[in-house]
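To find a chain, count down the sequence lines: A is the first, B the second, and so on, and within it residues start at 1. Side chains are part of it too, since the values below use all heavy atoms of this structure and drop only hydrogens, waters and symmetry mates.
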Amino acid sequence: MGDVNKSLKDIGSFMKLPGANLFITSTEQLFNWAKKSSLWPLSFGLACCAIEMMATFSSRYDLDRLGMITRASPRQADLMIVAGTVTVKMAERIKTLYDQMAGPKYVIAAGSCAISGDHYRHIYSVVPGVDWVIPVDVYVPGCPPTPEAFIDGILELQKIIAVGKTSPTFNASTIENQKNLLSEVNTKPIKKSENVIESKFIDKDELLSFILQVKKEGFNYLKFITATDFDNNLVLTYLLGNNEQNKEVEFNIKVGEDLKVDSLSQIYVGADWQEREVFDLFGITFNGHQNLKRIMMPDDWIGHPLRKEYRMDTHYYPYRPTRKEYEKWKTEL
Amino acid sequence: MENRVIERDFGDLAVNMGPQHPSTHGVFRLKLYLQGERINKVESFLGYLHRGVEKLSEKLDYDQLPPVLERDDYLSPTSNSLGFCNAVEKICDIKVSRKASYIRVLVAELQRISSHLVALGTYGLDLGGALGGGASLFLYCFREREKILDIMEDLTGTRFHTNMNQIGGVRYDVTTESINKIKKLSKDLRPVLQDFANMVSKDEIFMKRTKDIGIISKALAEESGGSGPIARGSGINFDVRKNKPYECYSEFNFDIPLGVKGDAYDRTIVRMEENIQSLNIVDQITDGIPPGDLNSRKPLKSSKLTKPPKGSSYFSIESPRGELGFFIVSDGTSIPYRMKIRAPSFSNLSIVDKLLPGTFIADSVVILGSLDPVFGDVDR
Amino acid sequence: MMDSFIAFALPIFKTISMLILIVAYLVWLERKVAAKMQSRIGPYSVGSPHGWLQPLADALKLMIKDDAVPKNADKLLFTFGPIWIMVVSLASFALLPFYFDNPMLNVDLSLMMFIAISSLIIIGIFVAGWSSNNKYALISVLRMTAQIISYEIPLIISLLIPCILIGSLSFGEIISFQEDTWIIFYPILGQISFIIFMISALAEGNRIPFDLSEAESELISGYTTEYSGIKFALFYLAEYVHLFGICVLGSIIFFGGPNGPIFTSNILIVIKALLFFTLILFIRWSFFRIRIDQLLKFNWIRLIPLSFIGLLLACLARYYVDFN
């Protein structure tokens, strides 16, 4: 809207005419009416709240009544409903999407995760509120907000638009790309437990031969691979199932100092992602894995979150305005 | 004149699908390498909704965890807390009363229907777009789902994250009026589900788009850890409710629908059939809930007092997406030492890398939709 | 000078303003019908009875919205695309006798010319998709080109069948021929050609089940992905203008145009076109989308042979009528 307002106000000669003021005020009112009556949201959802958002668009609540139809392309959307937890990995994308939207654009932060991070706010990978990334016009509380709350939030936004308030501009170039790369070293002693897993342990070197033998017996169903960080060693747990005989086999291996284990990805298709997850979150390397990259965290992440020495709240924000900037546009709102 | 044929390899066109894309069912990114309309290579990226639930669970008490875990697989919240409570009860050796067990199963089965309805509705969006017949199917499914959510609201006070299960039993009782409402719902829902089944199985275009698309062989489904409708669509007779009966499932009569070929169509049909079977279970429950305690544990003064003995346990249940398991390592304190969630969507989705190469770009959407991933569950 | 200019411009102005009004309310009608089909209400709160101001609000908002041009787009072509599409789809109405007693341009080969003009739309779409420098748009226009080129053949042949029966390509004669019996009521030939016309009109008008170029679940918004503001509004409007043009054409060729059972008036063309449009709406909101290879296969293996059979039958019928 900025451009139109500006160009309208630039017509100095026009303003001298009698009644020009009235004309401009009424055109502005008309434009505000158009903007509020035809809010096209971006079809974009993150987590649980997105399901309730979909329910709000569906037959019983029907946001089409208010003239809202979803657009898949951010260029044609006016409204971004951030429904769900914003993670560090997603925050960059949300920023891009917001920048791609053509103005006038509005943002509704729906649900407590998008507002403040909710119970995930201390988690390493979660941004505590989407307003760290983009400016927000209306906050809709709830976990998840009911459709009624969604509609209330939208009506609230319409009121804001009707009086002509625009969202604060948020210039991406001024945002410092701060990265807290594990700057805070955990000084507290870490309490690690002794191994408490009681099921079968096999030797690390025997893994492949054991697996091949087990697979021959019909244990084709790979349920999961996971690790646990015990005192002195990491323990890998494998669980395999046999669907025909309805049996399970659970076994563990001690990873040892070198943190290297043979990969099962050539034997079980599903081991590919499972091992990547263990690599990502525990830092155990799998020999012979074709594509051993991080799966959950961004590629340049430092540390392995599920290790006991990794503090839960080791935050690392991709786009983090300084506190001052943040406060500034909060007050402008 | 000289005939010269210049052969140029222009390479593949790399197209990013997601994380914001109408049909990735959440925040998932597929990088498709296209040769014309055909997909040559696929790279998939996830973790856009990684909320570190497993890390969080190492800070919270056992009794605090069920509501947090319900946010995990957000289409069927109850199954998460159901699986977790069962896993803890297994370590602590707590016996749940039959009444509580019945109520748990009732809520879980109703949510299975609601989850499958969302799966079918969003599948409609994948096939028909938000500006076409797909949207109609989507809205019909959500219209019916609202009725189930009404029942949830009636039972627990919330529409969505019901928070029904707690360690040792359930939180709320079921009244006679609620039972009558559920009976009526079951009666209303059957013809509607039949309509939906007709809408998909008699639609020429739906058949053309889904039959022989994304065929998952038995071996592939098993080795990648596929479970639920994905495995059953391929003809693997595996359902935790039958294979390792938990709660009171052994008391009920129900069938396990199986697919033949393992294509996208079979998976859809399996889901539709499962809805009917769930309604059968719901009917058997509403016929008579046995009397008993809601919670077999005495009320505790603090959540710090739930202290399972040292050891580890794995317990799995059948969530709408497949085998949802909880692997809990307890070191004798009131918080889990380590909790691994065996997420069905994670394993099911890992097939996507193997399925997509060689198909068309339009099929990629169909295949992804037929796997029905929930990204709260995949990324945790 | 001025008088002749007014005489020249006034009908154009009248037609365009009338068209824009009709088309704006076609969008409203579509949303209402879709809502009814999906057990919703549809636009309601903007404008007192049933959101009647909704199209106005949408148009105004799109006009004042920022006009974003991608950094690496070809800026000239990026602007040229939507304008071309709008101009072409409006121009085809010069030949249609839908609002005034006579069309603005009265030529003998008016049907031929209508098809020639309306098939120029693909140029605008191609230019728009190509210049946006977006991969979704690129795939979309490639699909669209293949689709439109293929479906133009059965469309033209299905229109030729009535023309052979009538023996003229001019709308005036086509209308006067149908005073007693509409073409749709001619046994076999009328129905065959109408079905072919219907299917290929859906493909031409880019509607489900053939809206592959705007396949939302795969290609975001197809060739309009990068467009915002007024340019997107032009696309949106042009799509409906074009579709309405096809509906008017169908009502003239197959449903007798202004001829009615009780009275004869040009308003009947518009009413019939609206009914035809509603039929297309019902189809749109109840079908899934077909895949591109299936679409082309259906065209080349089923539709084109069928249309040629129809054409042959029409020739035989004409031969029989003329020489007996």
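When each of Val378(B), Asp72(B), Leu139(B) is scored by its heavy-atom pairs under 4.5 Å with chain A, the top score falls to Leu139(B). The choice from Lys340(B), His21(B), Arg143(B), Glu58(B) that makes the most heavy-atom pairs within less than 4.5 Å of chain A is Lys340(B). Taking chain B as the reference chain and counting heavy-atom pairs below 4.5 Å, the highest number among Ala271(A), Gly241(A), Gly45(A), Ala55(A) is found for Ala55(A). Of the listed residues (Ala50(A), Gly84(A), Gly270(A), Pro74(A)), the one with the most heavy-atom contacts under 4.5 Å to chain B is Gly270(A). Considering only heavy-atom pairs separated by less than 4.5 Å from chain A, the leading option among Phe45(B), Phe375(B), Phe346(B) is Phe346(B). Between chain B and the options Asp280(A), Asp62(A), Asp229(A), Leu281(A), the largest number of non-hydrogen pairs under 4.5 Å is found for Asp229(A). Chosen from Pro344(B), Ser313(B), Ser312(B), the residue pairing most often with chain A at heavy-atom distances under 4.5 Å is Ser312(B).
Salt bridge Arg159(B)/Glu148(A): absent, no basic N to carboxylate O contact under 4.0 Å. A salt bridge links Asp150(B) to Arg60(A): one of the charged nitrogens lies within less than 4.0 Å of a carboxylate oxygen. Look at Lys215(A) and Glu222(B) and you find no salt bridge, because none of the NZ, NE, NH1 or NH2 atoms lies under 4.0 Å from a carboxylate O.
For Thr122(B), the part sitting under 4.5 Å from any heavy atom of chain A is the side chain, from C-beta outward, and nothing else. In this structure, chain A has heavy atoms under 4.5 Å from both the backbone and the side chain of Leu349(B). For Tyr48(B), the parts sitting under 4.5 Å from any heavy atom of chain A are the backbone and the side chain alike. Heavy atoms of Leu60(B) lying under 4.5 Å from chain A are absent altogether. The part of Glu43(B) that comes within reach of chain A is its side chain, from C-beta onward, which places non-hydrogen atoms under 4.5 angstrom from that chain.
Judged by distance alone, the side chains of Tyr314(B) and Glu248(A) never bring a donor and an acceptor atom under 3.5 Å apart.
The side-chain heavy atoms of Arg71(B) and Cys143(A), taken from C-beta on, include a pair separated by under 4.5 Å. Contact of the Thr85(A) side chain with the Leu49(B) side chain is registered, since non-hydrogen atoms from C-beta on lie closer than 4.5 Å. Residues Trp273(A) and Asp353(B) are in side-chain contact: their nearest non-hydrogen atoms beyond the backbone lie under 4.5 Å apart. You'll find the side chain of Cys49(A) stays beyond 4.5 Å of the side chain of Tyr74(B), heavy atoms only.
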*Apply the test side chain to side chain contact (heavy atoms under 4.5 Å, CB included) to residues Val269(A) and Lys354(B): give CA-CA distance (whole Å), side-chain angles for both, the deciding distance (0.1 Å), then the verdict.*
CA-CA 9 Å; Val269(A) 178; Lys354(B) 306 282 175 297; 3.5 Å; yes
*asked:* With side chain to side chain contact (heavy atoms under 4.5 Å, CB included) as the criterion, how do Thr226(A) and Arg342(B) come out once you've worked through the C-alpha distance, each side chain's angles and the decisive distance to 0.1 Å?
replied: CA-CA 9 Å; Thr226(A) 190; Arg342(B) 192 256 176 225; over 6 Å; no
*Derivation of the side chain to side chain contact (heavy atoms under 4.5 Å, CB included) call for Leu222(A) and Glu223(B)*: CA-CA 6 Å; Leu222(A) 178 77; Glu223(B) 284 181 15; over 6 Å; no
*Can you check side chain to side chain contact (heavy atoms under 4.5 Å, CB included) on Ser347(B) and Gln274(A), steps first, answer last?*
CA-CA 8 Å; Ser347(B) 299; Gln274(A) 301 275 2; 3.4 Å; yes
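Cation-pi geometry between Lys55(B) and Tyr120(A) is not satisfied (NZ or CZ under 6.0 Å from the ring centre, within 45° of the ring normal).
Using a distance-only test at 3.5 Å, with no hydrogens or angles considered, a donor-acceptor pair links the side chain of Gln20(B) to the main chain of Ser43(A). Side chain of Lys308(A) to backbone of Tyr337(B): a donor-acceptor contact under 3.5 angstrom is found. Remark: the backbone N or O of Leu46(B) is paired with a side-chain donor or acceptor of Lys89(A) at under 3.5 angstrom. Checked by atom type and distance alone, the side chain of Ser58(A) never pairs as donor or acceptor with a backbone atom of Phe142(B) at under 3.5 Å.
Between Arg51(B) and Ile123(A), the closest heavy-atom pair is O-CG2, 3.2 Å.
For Lys218(B), the NZ atom counts as loosely surrounded, since its 6.0 Å shell holds 12 or fewer non-hydrogen atoms of other residues, nucleotides or ligands.
Here the CG-CG distance, from Asn220(A) to Leu220(B), works out to 11.5 Å after rounding to the nearest 0.5 Å.
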